[in-house]
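In the text below, chain A, chain B and the rest are named by the order of the sequence lines, each starting its count at 1.
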2 protein chains.
Amino acid sequence: MVGTTAARRVSVRDQVVAEATRLFAASGFGATPLQDIADAVGISKPAVLHHFPSKEHIRLGVMEAIFAHWREQLPRLLLSATESHARFDSVFGEVYRFFAANPDRARFVAREVLDRPAQARAMLGTIVPMLRGIAGYIRAGLGEKADDVDPDAYVIHIMQLVISASTMADVTSVMLGDGAEGRARYDRELARIAKASLFGRRGARARETASPPSKKSAKPRRRRA
Amino acid sequence: MVGTTAARRVSVRDQVVAEATRLFAASGFGATPLQDIADAVGISKPAVLHHFPSKEHIRLGVMEAIFAHWREQLPRLLLSATESHARFDSVFGEVYRFFAANPDRARFVAREVLDRPAQARAMLGTIVPMLRGIAGYIRAGLGEKADDVDPDAYVIHIMQLVISASTMADVTSVMLGDGAEGRARYDRELARIAKASLFGRRGARARETASPPSKKSAKPRRRRA
DNA sequence: TCTCTTCCTTACCATTTGGTAGGTAATACT
DNA sequence: AGTATTACCTACCAAATGGTAAGGAAGAGA
């Protein structure tokens, strides 16, 4: 019948994880029936449970996939430019794009933090060393005189900001407008806050190279709606 | 209209809303059985449905209570100090304390944004005029030369930051430590980011009056789980 | 006392849903 | 070919859960 083992490029298991990620992100773990996942993949419900012992294991699979992906992507940050402003743009852009590229990831993580704080803590723990690495670069880049900045806390807050931005953008657009321009203002201000709080308004403005993590068109003008 | 018997200290209806807020915040709307709310209040499940036509109406009651509370509190911001730095501290402190004083509110709002974006949008819409008022003050306080700041977007992001901070603090403490000092660093950096991104690092440091929004009222909140 | 209203109870129902039983067809292995 | 394994199916079950039915206690007003 329909393409069996040979024609199967992506394993059914991976499809389950992918669809579950999307559905969990949209409706939440508890509100997503196993049947919906099965339907999305195109198999029966017991077939899903053939690949995972339980629904709970699907959730773990989704979470592990996200963090594994992130653990794989994050090290690229550590190879970024050496000049502090350029490095900042690079690092911020990487983090931003990781979540913005697929809001499902941000939504899922946000839900896990709410629903299962203890497990979310454990998962976050697996990337703490890398976050500390980023914080270390910030500390080194700013030098001794920046004793008002707390790099560890800063990294945490910016990660939060990016996650919540990816999560809430569709809701907060009621204030800035739903169009592309509203979203552009939103993204630009997010990048500005992240940068200006580190280098100061002057420093951030002086090098406005990568304020909005390269959307399509960066409109430098700003208007009231 | 329903003045009802005066003997009642706190109406059962209000108790239902209060307990539902706590439970919905902790576990989510879908994952909170009606029975749990009934148990928390100390009545039977059908008794809960005597006060609310359905579980859905309880959710609406919780949301309305939160936003009504906020709509009532926010105007105080508009009476704050006139000097821009002092006003900032005042406004930021108000927003921060509103959510930090009761993390359930932040958690509930965060969940609503994830689960029911359209309704969350509508609710946010009811406070947009006030947010624009705050943005207007920021615009006026900074003057013409601060054309890099987008006050409307700024207000949205800071609100997001405060909400997500109240929501995720218990998880992110894995990086900064669970003790009071870790939380203090967390709060201090949050305030610093909010302020420095508006006034610049120099401006923010010059007036470090209200970095960590006094925890007097928010501190003794640790019980119940 | 009788009646009406409000608030609340116990019993019950219908639906949803995670998970299981047991069988079948295709594939891999020998 | 013969056998074991993998992947999947239909049918089913037990638990959880939102909501309903029907009625009782308590107070107010007559």
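Qualifying side chain to side chain contact (heavy atoms under 4.5 Å, CB included) partners for Arg105(A), counting only residues two or more places apart in sequence or in other chains: Ile66(A), His69(A), Phe98(A), Phe99(A), Ala101(A), Asn102(A). In this structure His57(B) satisfies the side chain to side chain contact (heavy atoms under 4.5 Å, CB included) test together with Phe52(B), Pro53(B), Ser54(B), sequence neighbours excluded. A search for side chain to side chain contact (heavy atoms under 4.5 Å, CB included) contacts involving Ala135(B) returns Pro151(B), Asp152(B), Val155(B), not counting sequence neighbours.
Judged by distance alone, the side chain of Glu189(B) and the main-chain N or O of Ala153(A) form no donor-acceptor pair under 3.5 Å.
Rounded to a whole Å, the CZ atom of Arg13(B) is 15 Å from the P atom of dT6(C). Whole-Å rounding puts the Gln15(A) CD to dC8(D) C1' distance at 14 Å. Rounded to a whole Å, the CD1 atom of Ile43(A) is 12 Å from the P atom of dT10(D). Across the protein-nucleic acid pair, His57(B) atom NE2 and dG18(D) atom C1' stand 14 Å apart, rounded to whole Å. Here the P atom of nucleotide dA7(D) and the NE2 atom of His51(A) are 6 Å apart, to the nearest Å.
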Expected list for residues 116-134 of chain A: side-chain donor-acceptor pairs under 3.5 angstrom, two or more places apart:
| residue | atom | partner | partner atom | Å |
| --- | --- | --- | --- | --- |
| Arg116(A) | NE | Glu112(A) | OE1 | 3.2 |
| Arg116(A) | NH2 | Glu112(A) | OE2 | 2.9 |
| Gln119(A) | OE1 | Arg59(A) | NH1 | 3.3 |
| Gln119(A) | OE1 | Arg59(A) | NH2 | 2.7 |
| Arg121(A) | NH1 | Asp170(B) | O | 3.1 |
| Arg121(A) | NH1 | Ser173(B) | OG | 2.7 |
| Arg121(A) | NH1 | Asp178(B) | OD1 | 2.8 |
| Arg121(A) | NH2 | Asp178(B) | OD1 | 3.4 |
| Arg121(A) | NH2 | Asp178(B) | OD2 | 3.0 |
| Thr126(A) | OG1 | Arg71(A) | NH1 | 2.9 |
| Thr126(A) | OG1 | Met123(A) | O | 2.6 |
| Arg132(A) | NH2 | Met175(B) | O | 2.9 |

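With a 4.5 Å cut-off on side-chain heavy atoms, Arg111(B) and Asp115(A) count as touching.
Between dC8(D) and Ser44(A), no contact under 4.0 Å exists linking OP1 or OP2 to a side-chain N or O. For dC7(C), one of the phosphate oxygens OP1 or OP2 lies less than 4.0 angstrom from a side-chain nitrogen or oxygen of His50(B).
Taking OG1 from Thr172(B) and OH from Tyr186(B), the interatomic distance works out to 3.5 Å, rounded to the nearest 0.5 Å.
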What protein N or O atoms touch nucleotides 18-21 of chain C N or O atoms at under 3.5 angstrom, if any, and at what distances?
| residue | atom | partner | partner atom | Å |
| --- | --- | --- | --- | --- |
| dG18(C) | OP1 | Lys55(A) | NZ | 2.9 |
| dG18(C) | OP2 | Leu34(A) | N | 2.7 |
| dG18(C) | N7 | Lys45(A) | NZ | 3.0 |
| dG19(C) | OP2 | Lys55(A) | N | 2.7 |
| dG19(C) | O6 | Lys45(A) | NZ | 2.9 |

Shorter than 3.5 Å, N or O on both sides, protein versus nucleotides 23-25 of chain D: list them out with atom names.
none

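Salt-bridge check for Lys195(A) with Asp89(A): passed, with a basic side-chain N closer than 4.0 Å to an acidic carboxylate O.
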